[in-house]
Trainee: 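Structure below; questions to follow.
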Amino acid sequence: MARLVLPYISFIVFLLLMCMATQPGTGTIHSDEVKALGEIAEQLGKKDWNINVEQCKNDLSWLTPKLDWKPPYNNSLFCDCSYPDSVCHVVALVLKGQDLDGKLPRSLVKLHYLTYLNLNRNFLSGNIPHEWASTKLEFLTLSVNNLSGPIPGFLGNITALRYMSIENNLFSGMVPLELGKLVSLENLILSANNLSGELPFALTKLTKLTELRISSNNFTGRIPDFFRSWKQLEKLEIQASGFEGPIPSNISILSNLTELRISDLVGGGSKFPNLSSMKGMERLMLKSCNISGPITESISDMTQLQTLDLSFNRLDGKIPDFHGLSRLKYLFLTSNLLTGPIPEWIKDKDNTHPVDLSYNNLSERSAPSCRDNLNLFKSFSGMDNLSLSECLKDSPCSKDYYEVHINCGGKAKTVGNIKYEADYHPAGPASFVWKENWGFSSSGRFWDLNTTGNDYVANNVSILKMNESELYTSARLSPLSITYYARCLANGPYKLKLHFAEIVIRDNRSFYSLGRRIFDIYVQEKLVLEDFDIENAAPGVDKAVVKEYKANVTNNVLMIRFFWAGKGTTDAPKRGNYGPLISAISVENDFSLPNDGKMKIVVGAVVVVLLLIFMILGILWWKGCLGGRKSRENELKGLDLQTGFFTYRQIKAATDNFNAANKLGEGGFGSVYKGILSDGTVIAVKQLSSKSRQGSREFVNEIGMISGLQHPNLVRLYGCCIEGKQLLLVYEYMENNSLAHVLFGPANGWLKLDWPARQKICAGIAKGLAFLHEESTLKIVHRDIKSTNVLLDRDLNPKISDFGLAKLDEEENTHISTRIAGTIGYMAPEYALWGHLTYKADVYSFGVVALEIIAGKNNMKYRPNQNFVCLLDWAIVLQQRGDLMELVDPELGSDFSKEEALRMIKVALLCTNPSPVLRPVMTAVVNMLEGRIVIDELTRGPSIYGNEWGFEALRDQYGESSRPKSMESQSLTQSSNATWIGSSSTSAHNIYSTNQNE
């Protein structure tokens, strides 16, 4: 947690809040609270909090006594200005959905009048501060965050609490008995955590509870028999909590219930519970509770009932007459043992509400005609397996099939030589979809969400780069259970490939990454995979994982079921997102087709011969023996870009025919020009030299890497021009050129960087790299981070550029084996010497750039005397002497913060540690630069740029230059005297070598 509020932020916050004193009818916020708000903003990591008069609302009408506390804004302060002397006090703080990634603020206790706190949907970590025990909070919600550790017992001291929700976090351990002291509590929501043990008996003291939700945890023992103390309950949710059945008989006491959800109980079952007193019930779920016997007739007395879900039990007998339930909109009785005819009120043509009767033993003679929203898949006893549903009785098999390929939730696609059939039916809560030889049955609705048919298909929210990505751009979703079937298959063994990719949950530092999707997989009604988590298996989001199984078909039908057992989260990235997700299914025979065994051998031999011939011809063609390689224009036009194309005529007009007056500089590709498009947009045009084949390869790489990336600290690519030999990249124009130009330009240059600007630039570069390494869909190693590749816009915001040397960091590899390419003076030693490339190489380069920002000197050009090779060499010596402040640019004078400068220097030296495992990840760098993490200083050896590194060998091989020289060559040979000295600190290793995806 930061120890010091940035002075200018505190000053601005203070001034803005003090302005409220001049506004009629508002008064002045107490000065102590003004200071506290600045501290809270820093601790939360909220940097865009421009507090003004309008944001501190004096409208408190929504804070009603009945706990209907829904704030009208997601990013606001609310003040009570009814106190004497026109003093206003903060009573409510709402920062919902802001993606804050700091900690829960200890300074909250300084807002003595605060009663309402809503920090839902952020990325806050750590635990609840002990200081909060002294608050007077009545409403507290921290749902959908990254909080962890045990639930603190001191929460029991906030005795004014009436509402508490910590859903969708990582809290663990037992529920503290101290919560029993919250005798005013009316709403307690603990779902989607890792809580364990039994509920403490002390919770029986919470006699005012009207809502209790404890789903998706790891509790043990039976459902506690506490209902006698909770007679005021209106909403009770216990789904996949870990509890054992049966449902306690005294649940009948809860006559005020309007919503009851109990599901996925472990162990013992029971008869249908007595619910006769719950006449006001609106939504009832008793799913997978091992309930047997008939459905109780008392449900007919629930005249307000809208949703009834009794799926996956052992209920038998006839379906009761529920035609009097005029409000009933959803009925789910799937997977039971129900018998007898289908009631007339269900078959009524005017009944358009979803009804799911799949997987039962009903009378086939009562089957109605097929219609939407009535699912009768495997609903009848004695029905032919090939029929599966009444809808298929008139569709007998015309032939045997030996394979089925389905692009679940998407359009028809051809991948390689496999044609995947389309499956973009919108589906719904009770759907049966069929084609000639395959289809699916979907059951369930997304609770707490008003859905449409499109909500049963997921679409990717970012660019996919995996192999066969067209199979993963969409996927079939189900809130409960979905069964894909293939019929008319020839009997025998089959190979199954189930394709998955998590395309909804994200992996960035946002609440969009906090969902956990967990479901089970069945093949031929046999459980083959329990608690499957796509993101963990891939690992990561937007990454493919394929599960392969074998199945034996004996009745011409193969069934694959995906089932949600209530585990995981239901509130992230948005409410109602959960349940199984499947991208594609491939079923192929694993046996020889009739009379074609010999033919397969012949065909296979011919194919092998042809492949060899084509390979030889291809090699000859590539070598230039058969007409040469394809033209560079054709090669590049095949790119699938996320950018636009420009014509050469447009670029010539924009740059005044590449007028020398518009030339901005010279790069590795060629020249860079300023241009103005016809609509007035100012652009920078990078022109590739037509003589450079190497440049063409880098050109392709740069387009491919950056075309799909967008971040405030990455230069934006508008598009490209590919005409004949002309290859041009069109970028946003950066008014202040490069960081090198500003730092190392003429002594009397037109632009000077003050300390706040340098801090902003350094932090911005770090954020851009953190995005590339950890947050973007593609994990990218830039390979050439240096001050000339950091551009500055009009407001001196830094943007990383020049992705020609960038490499994808595929996380299944520990490093990237590649030829060395980069710039002397910025390359990490393990990469320069041995070609060992990981994202830690960029961390090293960043450390060098950070030193240059502090010192205002070029790493390669600065040699205070002949004993030192470069700026970094000098910095290491100063660190050992304890004179680090000598590094600070004299141009700054005394107008800078020594504490902040020392922090930046220490971070830079930490990043340039010779050992890559001791360098921090870039998200840690950002947090250290902004003061949220204390910097662990690592002991390091003496100069690493002396003869031990073989630096002179580098000079000999690549030559002297008046400026750093880009290079690309085979790995360098390590000098026989090479020595790398780093820290052996175990704690530092644990902190700073953390996997980049964590």
Side-chain angles (χ1 to χ4, degrees), residues 388 392 395 397-427 431-442 453-454 456-478 482-490 492-504 519 521-524 528-529 532 534 537-538 541-551 553 556-562 579-591 593 607 638 640:
L388 296 173
L392 297 174
S395 302
C397 294
S398 59
K399 63 177 182 178
D400 283 345
Y401 287 84
Y402 296 91
E403 61 181 15
V404 175
H405 305 283
I406 309 167
N407 185 22
C408 304
K411 298 179 180 179
K413 298 287 183 182
T414 298
V415 179
N417 60 350
I418 299 177
K419 293 183 178 180
Y420 287 83
E421 295 187 55
D423 170 32
Y424 47 82
H425 191 284
S431 296
F432 177 73
V433 176
W434 71 94
K435 295 198 173 184
E436 182 179 356
N437 66 316
W438 67 270
F440 67 82
S441 166
S442 179
N454 293 329
Y456 291 77
V457 172
N459 293 295
N460 68 300
V461 294
S462 62
I463 301 167
L464 301 179
K465 297 295 183 181
M466 76 278 277
N467 292 333
E468 302 179 346
S469 61
E470 54 267 53
L471 289 181
Y472 302 97
T473 57
S474 58
R476 176 68 62 188
L477 269 173
S478 174
I482 183 168
T483 301
Y484 274 89
Y485 67 87
R487 62 193 288 264
C488 306
L489 291 178
Y494 283 81
K495 294 181 294 185
L496 280 68
K497 288 185 178 181
L498 309 180
H499 299 256
F500 303 94
E502 181 54 70
I503 59 175
V504 179
F519 58 94
I521 302 174
Y522 293 78
V523 174
Q524 296 293 58
V528 296
L529 189 55
F532 176 53
I534 301 172
V541 305
D542 294 339
K543 293 187 176 182
V545 57
V546 180
K547 292 294 181 180
E548 299 186 18
Y549 300 99
K550 292 189 176 182
V553 173
N556 305 108
V557 173
L558 174 63
M559 290 186 290
I560 307 162
R561 180 156 60 98
F562 308 95
L581 177 151
I582 174 68
S583 297
I585 295 174
S586 180
V587 178
E588 293 185 345
N589 64 291
D590 197 19
F591 56 90
L593 300 183
V607 169
D640 180 15

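Remember, predicted model here, so these are calculated numbers, not experimental data. Quick note: residue numbers are just sequence positions, from 1.
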Trainee: Check side-chain contact (heavy atoms from CB on, under 4.5 Å) between Ser442 and all other residues, then give those that pass, not counting sequence neighbours.
Mentor: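 Result, side-chain contact (heavy atoms from CB on, under 4.5 Å) vs Ser442: Ser431, Phe440, Tyr456, Ser478, Ile482.
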Trainee: Can you give each donor-acceptor pair under 3.5 Å made by side-chain atoms of residues 404-419, sequence neighbours left out, with the distance rounded to 0.1 Å?
Mentor:
unit_1	atom_1	unit_2	atom_2	d
His405	ND1	Ser586	OG	2.8
Asn407	ND2	Lys411	O	2.7

Trainee: Who are the ring-ring contact (aromatic ring centres under 6.0 Å, His included) partners of Phe532, not counting sequence neighbours?
Mentor: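 Partners of Phe532 under the ring-ring contact (aromatic ring centres under 6.0 Å, His included) test: Phe500, Phe519.
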Trainee: Run the side-chain contact (heavy atoms from CB on, under 4.5 Å) test against Val528 and tell me which residues pass, sequence neighbours left out.
Mentor: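 Partners of Val528 under the side-chain contact (heavy atoms from CB on, under 4.5 Å) test: Ile521, Val523, Tyr549.
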Trainee: Are any side-chain N or O atoms of Gln524 and backbone N or O atoms of Met559, one a donor and one an acceptor, separated by less than 3.5 Å?
Mentor: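 The answer is yes, because a donor-acceptor pair under 3.5 Å joins these two groups.
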Trainee: For a quick test of reading the model, state the closest non-hydrogen atom pair linking Leu581 to Ala458 and the distance between them.
Mentor: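 Scanning both residues, the minimum pair turns out to be CD1-CB, 4.1 Å.
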Trainee: Taking Asp590's backbone N and O only, do any of them form a donor-acceptor pair with Glu588's side chain (distance below 3.5 Å, no angle check)?
Mentor: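 Judged by distance alone, no pair lies under 3.5 Å.
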Trainee: How many angstroms lie between atom OG1 of Thr483 and atom CD1 of Ile560, to the nearest 0.5 angstrom?
Mentor: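 Nearest 0.5 Å value for the OG1-CD1 distance: 9.5 Å.
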Trainee: Using side chain to side chain donor-acceptor pair (under 3.5 Å) as the criterion, list what pairs up with Ser583, not counting sequence neighbours.
Mentor: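 Not a single residue meets the side chain to side chain donor-acceptor pair (under 3.5 Å) criterion with Ser583.
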Trainee: Under the side chain to side chain donor-acceptor pair (under 3.5 Å) rule, collect the residues that match up with His499, sequence neighbours excluded.
Mentor: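 Tyr472.
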Trainee: Report the C-alpha distance between Ile503 and Val541 in whole Å, list the side-chain angles of each, state the deciding distance to 0.1 Å, and finish with yes or no for side-chain contact (heavy atoms from CB on, under 4.5 Å).
Mentor: CA-CA 6 Å; Ile503 59 175; Val541 305; over 6 Å; no
Trainee: With sequence neighbours excluded, what pairs up with Glu436 under the side chain to side chain donor-acceptor pair (under 3.5 Å) test?
Mentor: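 By the side chain to side chain donor-acceptor pair (under 3.5 Å) rule, Glu436 matches Tyr401.
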Trainee: With heavy-atom distances below 4.5 Å as the criterion, would you say the side chains of Ile585 and Leu496 are in contact?
Mentor: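 No, side chains not in contact.
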Trainee: Would you please test Trp438 and Glu421 for side-chain contact (heavy atoms from CB on, under 4.5 Å) and show each step?
Mentor: CA-CA 10 Å; Trp438 67 270; Glu421 295 187 55; 3.1 Å; yes
Trainee: Measuring from Thr473:OG1 to Asn460:CG, what's the distance to the nearest 0.5 Å?
Mentor: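 That separation rounds to 5.5 Å.
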Trainee: List the residues meeting ring-ring contact (aromatic ring centres under 6.0 Å, His included) with Tyr485, not counting sequence neighbours, and say none if there are none.
Mentor: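 Partners of Tyr485 under the ring-ring contact (aromatic ring centres under 6.0 Å, His included) test: Phe377, Phe432.
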Trainee: For Asp400, what residues pass the salt bridge (Lys or Arg N to Asp or Glu O under 4.0 Å) criterion, not counting sequence neighbours?
Mentor: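 Applying salt bridge (Lys or Arg N to Asp or Glu O under 4.0 Å) to Asp400 gives none.
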Trainee: How close do Ser474 and Asn459 get, counting heavy atoms only, and between which atoms?
Mentor: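 Where Ser474 meets Asn459 most closely, the heavy atoms are CB-OD1, 3.5 Å.
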Trainee: Is there a side-chain contact between Cys397 and Arg487, using heavy atoms and a 4.5 Å cut-off?
Mentor: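 Yes. Closest side-chain heavy atoms under 4.5 Å.
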Trainee: Determine, using ring centers only, whether Tyr494 and Phe591 are less than 6.0 Å apart.
Mentor: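 Aromatic pair counts; centres sit under 6.0 Å.
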Trainee: Using the side chain to side chain donor-acceptor pair (under 3.5 Å) criterion, which residues pair with Trp434? Sequence neighbours excluded.
Mentor: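 Not a single residue meets the side chain to side chain donor-acceptor pair (under 3.5 Å) criterion with Trp434.
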Trainee: Test your reading of the model: is there a side-chain donor-acceptor pair from Asn556 to the backbone of Leu489, 3.5 Å cut-off?
Mentor: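 Yes, Asn556 side chain to Leu489 backbone: donor-acceptor pair under 3.5 Å.
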Trainee: Within this structure, what is the CG-NZ distance for the pair Leu464 and Lys543, rounded to the nearest 0.5 Å?
Mentor: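 Separation between the atoms: 12.5 Å.
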Trainee: With sequence neighbours excluded, what pairs up with Pro426 under the side-chain contact (heavy atoms from CB on, under 4.5 Å) test?
Mentor: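 For Pro426, the residues satisfying side-chain contact (heavy atoms from CB on, under 4.5 Å) (neighbours in sequence not counted) are Asn454.
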Trainee: NZ of Lys497: more than 12 outside heavy atoms within 6.0 angstrom?
Mentor: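 No, not enclosed.
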Trainee: Could you walk me through whether His425 and Arg476 pass the side-chain contact (heavy atoms from CB on, under 4.5 Å) check?
Mentor: CA-CA 9 Å; His425 191 284; Arg476 176 68 62 188; 4.2 Å; yes
